[in-house]
Structure formats: structure tokens, C-alpha cells
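Structure record follows, encoded as C-alpha cells.
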There are 2 protein chains.
Amino acid sequence: MNKRLEQKQKTREQIREKARIVFLRKGFLQATTAEIAEAADIAHGTLFLHFSSKELLIIEILDQVLEKVSRQIEIQLSSSLDCEQMLSSYLDFLEQEEDIFVILARELPYYSDELRRKIIFRQSIIRGHIHRVIQEGITVGKLIDCHPAMAVTVFFSTVDYFLKLKPVFVEEGSVIARFKQDILEIFRKFLQKDHSS
Amino acid sequence: MNKRLEQKQKTREQIREKARIVFLRKGFLQATTAEIAEAADIAHGTLFLHFSSKELLIIEILDQVLEKVSRQIEIQLSSSLDCEQMLSSYLDFLEQEEDIFVILARELPYYSDELRRKIIFRQSIIRGHIHRVIQEGITVGKLIDCHPAMAVTVFFSTVDYFLKLKPVFVEEGSVIARFKQDILEIFRKFLQKDHSS
DNA sequence: AAACTCGGTGACTGAATACTCACTCAGAAG
DNA sequence: CTTCTGAGTGAGTATTCAGTCACCGAGTTT
């Protein structure tokens, strides 16, 4: 009975799977629909039967990827207790998924409003965790009395900069791994109250 | 006498002038050679008699713009004595030339190696000034004992982030003007040794 | 088994866009 | 005045895309 429907869903899933791979390798803007269709072993036109535009395909895949990434990162961050440990966890996670974050750092300004909003919304959840821990640090007097939101922005900006210009900083391998200790050290010095050491 | 040569130079200058305007309005990557030709009131093909590729035209215009910008900023910075004053001057200057810096913040990862190197080289001169002042501040004990190069990177990253995502932060007007005080405040708190106030 | 349905096909379209080239004609040269 | 030169022209080429459509044929219904 459902041979047709089954095949249809299988095709759609195949597109999703291959699109994810192609998008993560070439970036959402650079990847072409023809390339994705070829990878999924379907005709170019078939792709548009399942996703009426490239934009919608990007939204679906990006949502899926962000969802997974956010969930994992939430788990890591919620088990971190102090600020430095949390920043360290966050950087570990970025390193693990560096390819996608490099793409986002570069392409974000060129996405449609909808896409940008989705990404920034996801990020704001992560920011919330770090914000909270900084606020606590300030309250108990361990961290300097600064505006936590701004401190978080500065941290994210720095990471973003290394991701965006990755090829300038490293020839190969992870740029986050390379600069993790430097980033952690400067923020430790920036944020911690005690400079007596 | 040389009416022909004169006209040729005039045309070349016209291309340069209009290209600068179009590039600064649409960005170097978005602007098209056809559009520039139309603005300069010449045939599309004529542009390629004067500049053998779009890349070369970009390099010439960008060099010209960066040259001017760097010179002005050098003047401003060399008259600044302390760190905060220098950062403030730098932000003032960015605000004044914000359009071009927004373009560079977004497009930098997509430029050819040559273009990127030119831009980063110019920036490194500016970084040098700030680096020097931070180093001095540390030596005399006014600033915390951090790695100055990393501090400079964090500062530039932050500014770059606001520029890159300008439309997220402000609907219209200057994003630097809007966040100048916040940026200066956080870096004051980050860098200054005395947190007693 | 005939008629119908609909997922899939891939050649095609049209819009951009960088770049080329055969040709023109104003102005220089003799 | 005649011939030559070369800056300028703009139609044309080549390429790259996202997106469309007339058609096919396997599977479903009658």
C-alpha cells in the first residue's frame, strides 16, 4: 500500500542527510542545490519537490544542526559550576563542532532576517548561562564589578573573530584548540578580582 | 596637445571615483563591474581597458581608501597619551568611517589572500600603537599584568563584532556611537588595576 | 487490464555577472 | 587631405545559479 509514501519520505530524508554534509563542508551560501541533488543521487528538480526553495532547505537543516548543538552544549554548561570552567567547556564544545561555527561566523551577516534571528536566539540561551555565572561571581565578590552582558559579548566576539579568520591564525587543525589557553587566560585576568599573584 | 592621453586619464580617474562610491555603498563583493561602468558613464568593456580585472580594481580602490584611513588614524592615535584616550580616539575614527569598516568586517574572510594581507597589515600598524600604550600602562603599574597582544585582539574582536552585525544592534545610525561608552567602560574595568571604586 | 495518480526526471529557462572582441570614429601624424 | 592609431563601444561569450515544466512510468484504483 504505502510503497509510494515510503519512498517519498526516504527521498526526503536522503536529501536532508546529504544536504547536511554538503552544507557543513561548503557553507550554506556556497553549497549549490545541484551539488546537493547529486550527492543525494536524485535529479536536480526533485529537490524542489521536497523543499520549495534553497532558503527553506537551509532553514530546516540549520534548525536541525543548531538544535543538536544547543542541546549538547546545554548539557555541558549546566554541569559547570564556575565561570572559567564554563568558558572552558564552551570552547571545548566549539572545537568539537568547529566547522559549523566557522561557517556561521562568516556567513551570519548575509543570512535572511529569519535565519539570523534563529541563530542569535540559540546563542542567547548559551549566553544566558555564562551571564548567570558571571553575575554570581560578581555577587560573591570573586569577579570584578562589570556589566555581565557586556563581558559576555566581549567573550563571544573574541571567539567569533578567531573562527571568522581561522585561516589567518592556523594553517590546519582547530583554531579554538590553538588559542583556547590564551583566551581563557586573558579572560581570567580580565575578570578575576585578585591581581596579587 | 595630448587630448587623447588627457581623456584617457580623465576616464580612468572617473572610474576610480565612481568605483569608490559604488564599492563603499554596496561593498566590494556585492558591487558589479556593470554598475560601476554605468555610474562612470562609460561602456562596460571600457572598464576592463583600464583595470584588467575586478580584483585589480578592488585592490587599487581599497589601497587608496586604506591609505587615507590609516594616515588619518595614525595622526589621531599618535597624539593620544594613555590607553583609554587612544581607544576612544580609535572608536571616534571608526564611527567617522563606519561604512567602510562594516564592509571590511563582513567581507574580510572572503577576500583573496593578497587583499586580506593588505588589510591586516594596515590594521597591524594601528594595533601596534595600542599594544605599545598597554605595555607602558602595565610597566608603570596602572594596568593589570596581561599579555598586551591578546588584550588588543580582544578589543579589536569586540569592535569587529559590532560592525559585522550592525543591523542586529542598531536600526539606523552608527553602531559605534551607540556602543562606544559601553565598550570603553568594559575595557576600562578589564584593564585597570584598581577596582576599589 | 485499463485508467489514473503522483513521485521523479533532467533538459530547460532566465537572471546574474565577469570578461572579450570586432568594430568605430575622433584625433594625431605626415 | 589622407592615413593611421587607439580609446571607447556594446553586443556577445562563458559560466554559474536557483528554480520550472512537460513528460515518464511504477504503483494504485476501479
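The basis for the numbers below is simple: all heavy atoms, side chains too, and nothing from hydrogens, waters or symmetry mates. Letters A, B, ... mirror the listed sequences (proteins, then strands); counts begin at 1. All values reported here derive from a predicted model rather than from experimental measurement.
Taking atom NZ of B:Lys54 as the reference point, atom P of C:dA16 lies 15 Å away to the nearest angstrom. Spacing between atom NZ of A:Lys26 and atom C1' of D:dT16 amounts to 12 Å, rounded to whole angstrom units. One interatomic measurement links the two molecules: CG of A:Asp41 to P of C:dG8, which rounds to 12 Å at whole-angstrom precision. Atom CZ of A:Phe51 and atom C1' of D:dG19 are 16 Å apart (whole Å). Between B:Glu38 atom CD and C:dT17 atom C1' the separation is 14 Å, expressed in whole Å. As a whole-Å value, the separation of B:Ile15 CD1 from D:dG8 C1' is 10 Å. Separating the CZ atom of A:Phe48 from the C1' atom of D:dC17 is a distance of 9 Å, rounded to the nearest angstrom. In this structure, the CD1 atom of A:Ile42 is 14 Å from the P atom of C:dG7, given to the nearest Å.
Here the two rings, on A:Tyr90 and A:Phe156, have centers that are under 6.0 Å apart.
Here the side chain of B:Gln7 is nearest to one of D:dG8, C:dC19, C:dG8, namely D:dG8. Set against C:dA18, C:dG10, D:dG10, the side chain of A:Ala43 has C:dG10 as its closest nucleotide. You'll find that the side chain of A:Thr46 is closest to C:dG8, out of C:dA18, D:dG19, C:dG8. Among the nucleotides D:dG8, D:dG19, C:dT9, the one closest to any side-chain atom of A:Leu49 is C:dT9.
Neither side chain, B:Ser78 nor B:His129, offers a donor N or O lying under 3.5 Å from an acceptor on the other. A:Thr32 and A:Lys54 form no side-chain donor-acceptor contact under 3.5 Å, judged by distance and modelled atom types alone. Side-chain contact annotation: A:Thr11 with A:Gln7, donor-acceptor N/O pair under 3.5 Å present.
Each of A:Thr33 and B:Arg12 has a nearest nucleotide on DNA chain D; the 5'-most of these lies closest to B:Arg12.
We find that A:Asp145 and A:Lys193 are not joined by a salt bridge, their nearest charged nitrogen and carboxylate oxygen being 4.0 Å or further apart.
Listed pair B:His50 / D:dG8 meets the phosphate criterion, a side-chain N or O lying under 4.0 Å from OP1 or OP2. Contact annotation: B:Thr11 reaches the phosphate of D:dG8 (side-chain N/O to OP1 or OP2, under 4.0 Å). Listed pair A:Thr32 / D:dC17 fails the phosphate criterion, with no side-chain N or O lying under 4.0 Å from OP1 or OP2.
A:Ser53 comes within contact range of the sugar-phosphate backbone alone, with a heavy-atom separation under 4.0 Å but no base atom that close. Residue-level contact check: A:Ala31 touches the backbone only, with heavy atoms under 4.0 Å from sugar-phosphate atoms and none from bases.
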